[in-house]
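Everything below concerns the one structure shown next.
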Protein chains: 2
Amino acid sequence: MDTTQDTRKKEPRTELPRIGGRVLPAGCPSRALLGDITSKWGVLVLVGLSEGPRRWSDLRHGIDGISEKMLAQTLRTLETDGLVARDAKPVVPPYVEYSLTGDGAEVTALLLPLLDWVQAHVSQGRTTAFPG
Amino acid sequence: MDTTQDTRKKEPRTELPRIGGRVLPAGCPSRALLGDITSKWGVLVLVGLSEGPRRWSDLRHGIDGISEKMLAQTLRTLETDGLVARDAKPVVPPYVEYSLTGDGAEVTALLLPLLDWVQAHVSQGRTTAFPG
DNA sequence: CAGCATCCGCTTCGATACTG
DNA sequence: CAGTATCGAAGCGGATGCTG
């Protein structure tokens, strides 16, 4: 998306920032991709496609609370990242299907356990501070 | 589950939004918790604590690009969610250590594979120029 | 050292309207 | 049905300054 070319303004730092034994410098592509995947709607769209191809309207109604703008934007971003494939059939009533690519399926497979954990955890009646 | 008369604003349609065979209604606690975990800095803070307790300054320098405000805010949010524990030692030079709770460790364990996948995927020379 | 308070730009997001 | 375009509000997030 952006990939802002950050040209080290005035940061005479020489050490590499490590988190969890990993290196994820600010402004590197991994940060951007991670951001797309873990974005508010990104994760929900990916999971929404985890069971198979879905049409635009299916996603629109299946993902509660998403607006058309955000759905379009998220799908486009994920498509650019190579995680989602778009298949538009040239028929009179427009028929567009979205599906996960191989990469998208891999990521989503890693995302699903997280979703399940969150749901299971909340169900245990632990979270308090949200009116909903 | 909650779904306890959630209509504080306007909820004309409260159907069964299913994504990936799961139900995650907008405004439910799972959405909020998921948002905290997958937020821009949330995931990085959790991973930063994955190897053991860390001090404030360690996190501040270890997580490239994070500001003091965001670090404090993220830590506080994760603490409220019960994922991070704060241990302030009453010594003259303030010594505060943050660590993962049991729940936090579980979530982070699910997060790490995702981080690894993203890094590995980007490293395959797909994106624009950026070594690290 | 470990924060919190304030200002404020800039992105994100939702609502609405319009197109093929 | 499947989007695109535009606008304005909300809040995310950074810089700075202050406290214990």
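Per chain, numbering begins at 1; letters A, B, ... match sequence-line order.
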Could you check whether any side-chain N or O of B:Thr38 sits under 3.5 Å from a backbone N or O of A:Thr38, counting only pairs where one atom can act as donor and the other as acceptor? yes
How many whole angstroms separate atom CE of B:Met70 from atom P of D:dA15? 11 Å
Whole-Å distance between D:dG3 C1' and A:Leu75 CG? 11 Å
To the nearest Å, how far apart are B:Arg54 CZ and C:dA2 C1'? 18 Å
Rounding to an integer number of Å, can you tell me how far A:Gln73 CD sits from C:dC13 P? 7 Å
Would you indicate which nucleotide in D:dG14, D:dA2, C:dC1 comes nearest to any side-chain atom of B:Arg55? C:dC1
So if I take every side-chain heavy atom of A:Val96 and compare against D:dG13, C:dA2, D:dA2, which nucleotide ends up nearest? D:dA2
Take the protein atom CD of A:Glu68 and the nucleotide atom C1' of D:dC1, then report the distance between them rounded to whole Å. 10 Å
Determine the minimum heavy-atom distance between B:Val47 and B:Ser50, stating which atoms define it. O-OG, 2.6 Å
Taking only N and O in the side chain of B:Arg76, is any of them less than 4.0 Å away from OP1 or OP2 of C:dC4? yes
Whole-Å distance separating the NZ atom of A:Lys40 from the P atom of C:dG14: 5 Å
Output the single nucleotide from C:dG20, D:dG3, D:dG20 whose closest atom is nearest the side chain of A:Pro94. C:dG20
Any non-hydrogen side-chain atom of A:Thr77 less than 4.5 Å from a side-chain atom of A:Leu83? no
Quick one: B:His61 NE2 to C:dG3 P, roughly how many Å, whole number? 14 Å
Within the structure, does a side-chain N or O atom of A:Tyr95 lie under 4.0 Å from either OP1 or OP2 of D:dG3? no
Between B:Thr108 (side chain only) and B:Leu111 (backbone N and O only), is there a donor and an acceptor less than 3.5 Å apart? no
Would you say a side-chain N or O of A:Ser67 is under 4.0 Å from OP1 or OP2 of C:dA15? no
Take atom NZ of B:Lys69 and atom P of D:dT16, then tell me their distance rounded to the nearest Å. 14 Å
Is any side-chain nitrogen or oxygen of B:Arg60 closer than 4.0 Å to OP1 or OP2 of C:dC1? no
Give a yes or no answer on whether the side chain of A:Arg54 reaches the backbone of A:Tyr98 with a donor-acceptor pair at less than 3.5 Å. no
